Amino acid sequence: MTESQELCDAYATWDGAYVLGALARDERREYEDHLVGCDRCKSAVTELAGLPGLLALVDEETAVSVAAQEDPPSTVPPPPDRLLPKLAEAADRKRRRGRWLALGGAVAAVAAAVAVAIPVTADIVSHRPPAQEVVAEGSFQANVDTTIVATFKVLAVDGQTRVDMWCSYPPSNSIYAWQLSLWVVRQDGTQSKLAEWTAKPGEVYTPDGTTSAAPGDLKTVEVRNASGNVLLSAGL
């Protein structure tokens with residue numbers, strides 16, 4: 001086995017945790033650095049890019065019910081609400097105990113409920129970041145017609161507020177490079193740009209940024225294009 005293959009194997013189980021937003025901040029950065037030079041892992045992440053959107057269609061009660069069954073159901077109950085943040089939170093709780101192995105089976109069962117069979121596993125040693133508290137999380141709502149899928153998490157960290165974001169962009173036959181940015185708007189109308197990135201077809205990004213404002217002072221989180229137009233937003 002070559003050195004590059006051994007390095008790839010070391011990250012082989014990180015794809016599902018990355019897509020679900022359950023990696024710690026430092027691990028996320030480390031994995032993104034690895035993705036730059038690893039087509040195999042990049043392909044694995046691309047294959048799972050649509051998973052958050054599918055999971056968001058399944059309510060928690062349905063997911064628990066399906067996971068308890070030995071075989072996938074023949075019919076799919078009507079969808080509402082959001083399941084992804086709850087799965088990510090559950091994964092994070094398992095990571096605090098050292099290693100989490102059960103996420104793959106749960107995700108596969110939920111995916112079966114929407115007629116998609118995707119095994120996702122994660123076996124990652126986590127080093128806990130500084131004391132932090134999740135104060136809000138969920139999915140962005142589209143302000144325009146867009147195929148972007150994105151979720152966010154607002155955390156109180158050492159007296160400041162950090163916003164973590166996960167977003168994926170659809171594959172396309174045409175080449176595009178969208179200049180996007182992550183913003184927060186305070187209750188008093190003050191606006192702050194936390195991060196910016198260039199989105200390309202079929203890619204997944206996890207921008208994040210920190211503001212000195214307290215979580216309670218924030219009104220909305222927004223994704224804007226280069227012209228300043230709001231593409232996605234979420235109220236806090």
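Along the sequence shown, residues are numbered consecutively beginning with 1. Please read all numbers here as calculations on a predicted model, not as lab measurements.
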Compare every heavy atom of [Y] with every heavy atom of [X], then report the nearest pair and how far apart it is.
X      : Y      : answer
Ser174 : Pro201 : O-CG, 3.9 Å
Trp197 : Leu182 : CZ3-N, 3.5 Å
Ala234 : Phe152 : CB-CE2, 3.3 Å

Calculate, to the nearest 0.5 Å, the distance between atoms [atom1] and [atom2] belonging to [X] and [Y] respectively.
X      : Y      : atom1 : atom2 : value
Ser168 : Ile148 : OG    : CD1   : 9.0 Å
Thr220 : Leu232 : OG1   : CG    : 12.0 Å
Glu222 : Leu194 : CD    : CG    : 11.0 Å
Glu203 : Leu35  : CD    : CG    : 9.0 Å
Lys42  : His34  : NZ    : NE2   : 10.5 Å

Heavy-atom side-chain contact between [X] and [Y] under 4.5 Å:
X      : Y      : value
Pro207 : Ser181 : no
Thr206 : Tyr18  : yes
Thr161 : Leu218 : yes
Thr146 : Leu231 : no
Asn225 : Leu180 : yes
Tyr31  : Asp33  : no
Phe140 : Val221 : yes
Trp183 : Thr211 : no

- Decide yes or no on side-chain contact (heavy atoms from CB on, under 4.5 Å) for Thr210 and Val157, but give the supporting numbers first. CA-CA 9 Å; Thr210 301; Val157 183; over 6 Å; no

- Query: How are the rings of Trp14 and Tyr11 set to each other: parallel, tilted or perpendicular (split at 30° and 60°)?
  - Reply: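 It falls in the perpendicular class, over 60°.
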
- Main-chain N/O of Asn229 paired to Ser227 side chain as donor or acceptor, under 3.5 Å: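 Between the backbone of Asn229 and the side chain of Ser227 there is no qualifying donor-acceptor contact (under 3.5 Å).
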
- Task: Could you tell me whether Asp208 and Arg29 make a salt bridge, using a distance below 4.0 angstrom between a side-chain N and a carboxylate O?
- Result: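 Result for this pair is yes, salt bridge flagged.
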
Side chains of [Y] and [X]: any donor to acceptor distance under 3.5 Å?
X      : Y      : answer
Thr198 : Gln179 : yes
Arg224 : Gln191 : yes
Thr190 : Asp188 : yes

- Message: As a quick check of understanding, evaluate side-chain contact (heavy atoms from CB on, under 4.5 Å) for Leu155 and Val135, giving each step before the final call.
- Response: CA-CA 6 Å; Leu155 307 98; Val135 295; over 6 Å; no

Transitively linked via ILVMFWY side-chain contacts under 4.5 Å: [X] with [Y]?
X      : Y      : result
Leu236 : Val163 : yes
Ile175 : Trp178 : no
Met165 : Val144 : yes

- Query: Would the number of heavy atoms belonging to other residues, nucleotides or ligands and lying under 6.0 Å from NZ of Lys219 be above 12?
  - Reply: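 No.
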
- Stepwise salt bridge (charged side-chain N to carboxylate O under 4.0 Å, His left out) check, Arg28 with Asp26: CA-CA 5 Å; Arg28 198 151 40 85; Asp26 291 344; over 6 Å; no

- Item | Tyr169-Tyr205 aromatic ring centre distance below 6.0 Å |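 Yes: the rings meet the under 6.0 Å criterion.
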
